[in-house]
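Scroll down for the structure; my scribbles are underneath it.
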Amino acid sequence: MSETRQRKTYDPTSLERRWQERWAETGLYKTDEDESKPKHYALTMLPYPSGDLHVGHWYPMTPSDTRARFMRMNGYRVFFPIGFDAFGLPAENAAIQRGIQPREWTYSNIERMRVQLRQMGAMFDFDSEVVTCAPEYYRWNQWFFVKFFEKGIAYREEAPVDWCPKDNTTLAREQVIGPDRRCERCGTPVIKKNLAQWLFRITDYAEELLDYSNIDWPERVETLQRNWIGRSEGAEIEFQIENYGPVEVFTTRPDTLFGATFFVMSPEHPAVEQITTPEQAEDVRAYVERAARMSEIDRTDATREKTGVFTGAFASNPANGEEIPIFIADYVLMGYGTGAIMAVPAHDERDFDFAREYGIEIRTVIAPPHWDGEDLEEPYAGGGTMVNSDGFDGTPSAEGKERVTAWLEERSAGRAAVTYRLHDWLISRQRYWGTPIPMIFCDECGIVAVPEEDLPVLLPEEAEFMPTGESPLKLDPDFYNTECPSCDGPATRETDTMDTFMDSSWYWYRYLSPHYDEGPFDPVRGEKWLPVDQYTGGIEHAILHLLYARFFTKVMRDLGLVDFDEPMTRLRNQGTILGPDGQKMSKSRGNVVNPQEYVDRFGSDALRGFLMFIGPWNEGGPWDGKGMEGVSRWLRRVLTLAADESSGGEADPSELPRRTNRLIKKLTEDLEAFRFNTSIAALMEHTNYLLAIKGRVEEDAWHGALRSFVTVLAPFAPHHAEEMWAESGGEYSVHEQSWPGYEEALIRAEEITLIVQVNGKLRDRIEAPADISEEAAKVLALESARVRPHLEGKELRKSVYVPGRLVNLVVG
RNA sequence: GCGAGAGUGGUGGAAUGGUAGACACGCUAGAUUUAGGAUCUAGUGCCUCAGGGCGUGCGGGUUCAAAUCCCGCCUCUCGCACCA
């Protein structure tokens, strides 16, 4: 009585709690260190401790866990750690609102989230946890910074930087988004500010970062990074300016040099002041001032009419000695190339617009195919044949690029050059809740790094962290005033903190030995586990985090810390899970889905199963919790497989071995390829089949099939599989079983449904032996009563036979 | 504007040249239950004169055979955007 009673009251949460306790007691998920097994480092992006784990965390993490479990069952020793990316603006903003310290807020959130993470029932190795705001972690941020400084990778520079007026801090170029240049965090339009800031020379690695040949990453990420790095090949060309000297331009089209009819400098170009003639000085000054005042939004609006001012000066075109007028115009940006361009209106849309506006000659120098010799009505940016270009006339433009460049090189007026859109990584932040930059300013010695033995430079515990635009740490005299490590004289500390992307650029190394104090990670552990074999996380990190991560590892390699080039061998991205309204989940929209209510009602296996089932994992999509019922019902039905009562159905019990093998094959292939939705579907289908044949299969065969099923269910629904394993007499734990193999021969059916088509249209389905001959199949087809009417009065012209599949009769 | 991805029932999706709609959600009917927002069974692309006909964004093509390959277009999503 109590038996059946218990089954009727399906209570997934207590079932799951029971097994989670058992797993914890028995240390089931302690990392396997058995070096006779091949290693597998499975990494999922670490969460930001915002307070509550939401479905946006479950969506990437639980399928990653399924994959890690699969690898474990396949005989790998698997390392699957987790941690918290704990520094950053949200902690500060939340803390400001509540009047408590960011540390307090962050750590209490971490406490909550640790509990919630355990509810997932994932095989995380919680002993390796890393919290990036802990001194034992950020000490190594500082250590890296000093190493980077010594190597010349980190440098300080006064330059116009992107500044968020709301968050009161500078931002990396990557954190400024959209055409209207808004702050990635708060959406406020950013402004330019002149500040001395620390930067990392990521541009030194631009070329290497374009090489993806040894990693298996999604093409999408590769494309995004390539576009971001923005490599352009072309030439730097010197134009002489009388009474000034040479000024360089960068162009991707040296073949159009003879068509340069004017010259444009960015308003910020250092030469502007000197070259401007007295008559033009007033106009130029007014334009420069206006450009400086203009917001970035207006400045970068591509649809805006071209404006500019003549400087009164002329530049000499090295190709033909022509003196062309020099303008300043805000469509030329100081931040790209050399900040000056040769303008070729016939072959560049922007230059064309400008020339029209200012009545400048538009000279065709590249003849489009079938050109009639007339002036061009609109700019032509494609390839063609060089014309009006002296000795180069008749040269195809592709070849012309090289020939013109070589010719310039001979005359020392230019050279082949490559330009990148990528800028160096701006590290400094004027906020409290981050890693202090370990640098000291001394009047005598200049900029001095904090010696290694003095690290970490501790972030003061009780600080005034209200953002004022100045670094909060500057207001703390105990922190700010210090001694110079080299001359012992009075000195001051750098009061900026590091961009939090610093923290996430190397955290997976720290997981290996989170408490190691002789270096950022224990090299012995590194030897055992690095690099990461499988990384999973959101596509939204394609540019920021994932580019920095690659850069960091390359610098670490050059520092002799690691001996490989890429941090993560394989990367797979999940799509974004949206709110029920199809919008991005956000607290302000109020469409954040809290997994807790679903876990309480359906259990975590149901939630993780549902998240895998709703669609292709790399596509994401809006949340619709209704579908969860289906997954929950399925899991409940799975448990009834172990019950004694038999049920009936129409399915054929003799299919059992074939279908079991087919299931194993399907899941093996799906998991390899990160296709979770079709895996769950196959498991449901198999469950339905097992229920239909239950009680009509011989005991041993049934048990074997059930054990196979439960074994392959384990990575997907770890709690339910464990329960079923125990119920069917398996020895603890199902998660220590090997992933079963399958036999191709057993998957092949003896009977097939032969499809009969007439002119490609389905006309009949006939049961036939799988190895039926073409002749026999054709006879069957021609005899079919459903087929015959479609043949009447027509001549059989041809038949096509696909073995084991179909016959197509072609008539006419 | 440039680059990438996508368009299939009422819904999420499956099928990567060979049975379109697997697996679910929802819906309909029935069974069971004191009750049910539980469970089970059957049905469920559209039209239909019940023979069939039509059907994967639109138009064309290749093929014995196309959701799938090719050409042209439309729509949506994402990224970049005066990058010389």
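Values in this document were obtained by computation on a predicted structure and should not be read as measured data.
Residue A:I755 contributes atom CD1, which lies 14 Å from atom C1' of B:A15 at whole-angstrom precision. Remark: P of B:A20 and CZ of A:R805 are 12 Å apart, rounded to the nearest angstrom. For the pair A:E222 CD and B:C80 P, the computed distance is 18 Å after rounding to whole Å. Atom P of nucleotide B:G17 and atom CD of A:Q757 are separated by 16 Å, given to the nearest angstrom. Rounding to whole angstrom units, OH of residue A:Y10 and P of B:G36 are separated by 24 Å. Taking atom OH of residue A:Y336 and atom C1' of nucleotide B:A84, one finds them 7 Å apart after rounding to whole Å. For A:Q574 and B:C78, the CD to C1' distance is 15 Å, given to the nearest whole Å. The CG atom of A:L547 sits 13 Å away from the P atom of B:C80 (whole-angstrom rounding).
Nucleic acid contact class of A:R220 (heavy atoms, under 4.0 Å, all strands): sugar-phosphate only. Within the nucleic acid shown, A:D624 has no heavy atom closer than 4.0 Å to any nucleic acid atom. A:E685 comes within 4.0 angstrom of sugar-phosphate atoms only, judged by non-hydrogen atoms across all strands, and of no base. Backbone-only contact: A:V810 has heavy atoms under 4.0 Å from sugar-phosphate atoms and none from a base. Residue contacts for A:D353: at a heavy-atom cut-off of 4.0 Å it reaches no nucleic acid atom on any strand shown.
Closest approach of A:A340 and A:M265 over heavy atoms only: CB-CG, 4.1 Å.
Every residue meeting the side-chain contact (heavy atoms from CB on, under 4.5 Å) condition with A:P63, not counting sequence neighbours, appears here in chain and number order: A:M612, A:W617, A:F676. Qualifying side-chain contact (heavy atoms from CB on, under 4.5 Å) partners for A:Y420, counting only residues two or more places apart in sequence or in other chains: A:A206, A:E207, A:L210, A:I229, A:R231, A:V418, A:L422. The side-chain contact (heavy atoms from CB on, under 4.5 Å) search around A:E767 returns A:E751, A:T753, not counting sequence neighbours.
In this model, a donor atom of one side chain and an acceptor atom of the other lie less than 3.5 Å apart for A:T66 and A:R608. Donor-acceptor pairing under 3.5 Å is recorded for the side chains of A:E268 and A:S266. Side-chain atoms of A:N227 and A:R421 form no donor-acceptor pair, as typed in the model, at a separation below 3.5 Å. A:Y287 and A:T307 share a side-chain donor-acceptor pair at under 3.5 Å.
Ion pairing between a basic and an acidic side chain is recognised when a charged N comes within 4.0 Å of a carboxylate O; A:E222 and A:R226 show such pairing. In summary, A:R636 and A:E629 do not engage in a salt bridge, as defined by a charged side-chain N under 4.0 Å from a carboxylate O.
Which of B:C80, B:G18, B:A84 sits closest to the side chain of A:W228 comes down to B:C80. The side chain of A:L333 lies closest to B:A84, out of B:A84, B:C80, B:G18. Relative to the side chain of A:N808, the nucleotides B:A65, B:U19, B:A4 differ in distance, and B:A65 lies closest. The listed nucleotides are B:G3, B:C23, B:A84; the one nearest the side chain of A:N688 is B:C23.
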* Based on Watson-Crick and G-U pairs with both distances under 3.5 Å, what dot-bracket line describes RNA chain B 5' to 3', crossing pairs as [ ] and inter-strand pairs as |? -> (((((((..(((.....[....)))((((((.......))))))(((....)))..(((((..]....))))))))))))....
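Mapping A:L224 and A:S232 onto RNA chain B by nearest heavy atom places A:L224 closer to the 5' end of the strand.
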All N/O pairs under 3.5 Å across the protein-nucleotides 51-56 of chain B interface:
unit_1	atom_1	unit_2	atom_2	d
B:G53	OP1	A:R763	NH1	3.4
B:G53	OP1	A:R763	NH2	3.4
B:G53	OP2	A:R763	NH1	3.1
B:C54	OP2	A:K761	NZ	3.1

What protein N or O atoms touch nucleotides 37-39 of chain B N or O atoms at under 3.5 angstrom, if any, and at what distances?
unit_1	atom_1	unit_2	atom_2	d
B:U39	O3'	A:R636	NH2	3.0

Please tabulate the protein-to-nucleotide N/O contacts below 3.5 Å involving nucleotides 42-50 of chain B, giving atom names and distances.
none

Can you name the atoms? Protein N/O to nucleotides 61-63 of chain B N/O, anything below 3.5 Å, with the distance.
none

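Environment of CD in A:E655: crowded, with over 12 heavy atoms of neighbouring residues, nucleotides or ligands closer than 6.0 Å. The 12-atom threshold is not exceeded at CD of A:E219, counting heavy atoms of other residues, nucleotides or ligands nearer than 6.0 Å.
Separating the P atom of B:U32 from that of B:C27 is a span of 22 Å, rounded to the nearest Å. For the P atoms, the distance from B:U75 to B:C58 is 15 Å, rounded to whole Å. To the nearest whole angstrom, the two C1' atoms, one in B:U62 and one in B:G17, are 12 Å apart. When the P atom is used for both B:A22 and B:A15, the distance is 12 Å, rounded to whole Å. Only the P atoms considered, B:A24 is 11 Å distant from B:C40, to the nearest whole Å. Look at the C1' atom in both B:G9 and B:G60: the space between them is 27 Å, to the nearest Å. Comparing the same atom, C1', in B:G21 and in B:U11 gives a spacing of 13 Å after rounding to whole Å. B:C70 and B:G79 are spaced 27 Å apart, taking the P atom of each and rounding to whole Å.
Within the structure, salt bridge (charged side-chain N to carboxylate O under 4.0 Å, His left out) pairs that include any residue of residues 803-812 of chain A do not occur (at least two apart or interchain). Residue pairs that meet the salt bridge (charged side-chain N to carboxylate O under 4.0 Å, His left out) test with at least one member in residues 675-687 of chain A, sequence neighbours left out, are A:D670-A:R675.
Taking every heavy atom of residues 608-621 of chain A and every atom of RNA chain B, pairs under 4.0 Å involve A:F613, A:I614, A:P616, by number. Heavy-atom distances under 4.0 Å link RNA chain B to A:N677, A:T678, A:A681, A:M684 of residues 670-684 of chain A, given in residue order.
Remark: A:N808 CG to A:K761 NZ distance equals 12.0 Å, nearest 0.5 Å. Distance CD1/A:I341 to CG/A:D348: 6.5 Å, rounded to 0.5 Å. In this structure, A:L796 CG and A:K798 NZ are separated by 11.5 Å, a value rounded to the nearest 0.5 Å.
Ring-plane geometry between A:Y331 and A:F354 is classed as tilted, the angle between the planes lying from 30 to 60 degrees on a 0 to 90 degree scale. The aromatic rings of A:Y689 and A:H686 sit tilted, their planes meeting at an angle between 30° and 60°.
Under the 90° criterion around 0 for the glycosidic angle, B:G79 counts as anti.
Contact annotation: A:R350 side-chain N/O to B:G1 OP1/OP2 distance is not under 4.0 Å.
Using a 4.5 Å cut-off on side-chain heavy atoms (C-beta onward), A:V712 and A:L683 make contact.
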